[in-house]
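Heads up, the thing below is written out as C-alpha cells.
Each chain gets a letter, A, B and so on, in the order the sequences are listed, and its residues count up from 1.
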Number of protein chains: 2
Amino acid sequence: MRTADLPEANVFARDCASRPVLQNITGRWGALVLAALADDTHRFSELRRHVDGISERMLSQTLQTLERDGLVHREVLTSIPPHVEYSLTGLGHRIVTPLLALLSLVEVSVPEIIAAQIEHDRSR
Amino acid sequence: MRTADLPEANVFARDCASRPVLQNITGRWGALVLAALADDTHRFSELRRHVDGISERMLSQTLQTLERDGLVHREVLTSIPPHVEYSLTGLGHRIVTPLLALLSLVEVSVPEIIAAQIEHDRSR
DNA sequence: CCGTATCCTTAACGATACTG
DNA sequence: CAGTATCGTTAAGGATACGG
C-alpha cells in the first residue's frame with residue numbers, strides 16, 4: 001500500500017491516526033519537551049531542569065514517545081559516566097515551529113486570559 | 001497591581017499560570033473545538049457531530065473552560081426550541097491561527113510519523 | 001435542543017527506590 | 001548519569017439518565 005492510497009489524515013475523525021500523534025505533541029509534557037529542544041541539543045538532566053516540574057518517569061516516557069514518532073533523535077555517547085544527547089529531527093524542527101508560535105502567543109496572552117477568568121468568575 | 005508589574009509568563013516554570021491555560025488550548029478536546037470554530041460560528045449539536053467522538057459531557061465542559069479563558073463566546077438565542085451559538089473571540093481567533101498551522105502540519109506528517117513508528121517498533 | 005448530574009472505569013501522574 | 005520498576009493516588013473521560 002502506497003502513501004497515495006491512504007485517505008488524507010483528518011484530526012476531526014474519531015479513529016484517525018493523527019489523534020494520538022497530536023496528543024503526544026500537544027500533551028502536557030510533549031509540547032514543553034519539544035520546545036525545550038527547539039534551540040539546541042540537550043541532555044536528560046538538562047531537560048529535567050528546564051522543563052520545571054516534570055518527573056524522571058514522565059520525561060523518560062515523553063522522550064520515548066517522541067522518538068518513536070520520529071520527532072526526537074536520541075544519541076548515546078559511550079563514555080563513563082554515560083552521556084545521552086537529545087535533539088530534534090527534521091520533522092521535529094518543522095513541527096516545533098508552529099508550536100513555538102503557539103506557546104509564545106499563549107504566554108503574551110496570559111494577562112488577557114487571567115482578566116477574562118476573573119471577569120467570568122465575578123459574574124456568577 | 002498593574003499588568004506591567006507581573007513577571008512575564010513562562011511555560012517552562014512549574015507554577016506559571018500559562019501552564020493550565022496551555023492545557024485547555026492544546027488538550028485532547030480543546031484544540032479540536034477551537035479548530036472547529038475557526039471558520040464559523042457553530043451550534044452545540046453541530047460541534048458534537050464535527051468533533052467526532054466527543055461526548056456531550058466533554059463538549060460542554062470544554063466549551064465552558066474556553067469561554068472562561070475568553071477564547072470562546074457563547075450566545076443564547078431565546079427561541080423555542082433553544083438555540084445556542086458558539087464563536088471565537090478576538091483572542092480566540094489569534095490563538096487559533098498557529099494552532100491550525102500545527103494541526104495541518106501534523107495531518108500531512110502522519111504518513112512520515114507512521115513510518116517512523118513502524119521502523120522504531122521493528123528494530124526492537 | 002442544550003445541556004447538567006451521577007456513577008463508574010480507566011489512564012495519567014508523582015514519589016520513591018533501585019540498576020547498568 | 002540516565003534511566004527503569006513498582007506502587008498508590010488523582011484526574012480525565014464515557015455512559016446514561018434526567019432537567020430547563
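Note that the first and last nucleotides of DNA chain D, 5' to 3', having any atom under 4.0 angstrom from a heavy atom of chain B are D:dG13 to D:dG20.
At least one side-chain heavy atom of B:Arg74 sits under 4.5 Å from a side-chain heavy atom of B:Val84. Side-chain contact between A:Ile25 and A:Ile95 is present, with heavy atoms from C-beta onward closer than 4.5 Å. Annotation: side chain of B:Glu46 is not in contact with side chain of B:Arg48 (no heavy-atom distance under 4.5 Å). Side chains of A:Leu88 and A:Leu71 form no contact here, defined as non-hydrogen atoms less than 4.5 Å apart.
Residue pairs satisfying the side-chain hydrogen bond (donor to acceptor under 3.5 Å, both in side chains) criterion with at least one member in residues 50-59 of chain B, sequence neighbours excluded, are absent. Within the structure, ring pair (Phe, Tyr, Trp, His ring centres under 6.0 Å) contacts touching residues 85-122 of chain B (residues at least two apart or in different chains) do not occur. Legend: side-chain hydrogen bond (donor to acceptor under 3.5 Å, both in side chains) pairs involving residues 106-116 of chain A, not counting sequence neighbours, sorted by first then second residue: A:Glu112-B:Arg94. Listed by first and then second residue, the side-chain hydrogen bond (donor to acceptor under 3.5 Å, both in side chains) pairs involving residues 17-26 of chain B are B:Asn24-B:Asp69 (not counting sequence neighbours).
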**Report entry** Under 4.0 Å protein heavy-atom contacts per nucleotide of nucleotides 11-20 of chain C, with B for base, S for backbone only and - for none
**Finding:** --BBB-B--B
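Annotation for A:Ile80: hydrophobic cluster partners, listed by chain and number, are none (ILVMFWY side-chain heavy atoms under 4.5 Å, direct or chained).
When the side-chain hydrogen bond (donor to acceptor under 3.5 Å, both in side chains) test is applied to A:Gln61, no partner is found at least two apart in sequence or on another chain. Remark: B:Leu103 engages A:Val11, A:Leu22, B:Ala35 in a side-chain contact (heavy atoms from CB on, under 4.5 Å) (not counting sequence neighbours). For A:Ala101, the side-chain contact (heavy atoms from CB on, under 4.5 Å) test picks out B:Pro98, with sequence neighbours left out.
Within residues 62-79 of chain B, no residue has a heavy atom under 4.0 Å from DNA chain D.
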Report summary line: Symbol by symbol from the 5' end, with Watson-Crick or G-U pairs under 3.5 Å, [ ] crossing and | another strand, DNA chain D is ||||||||||||||||||.|
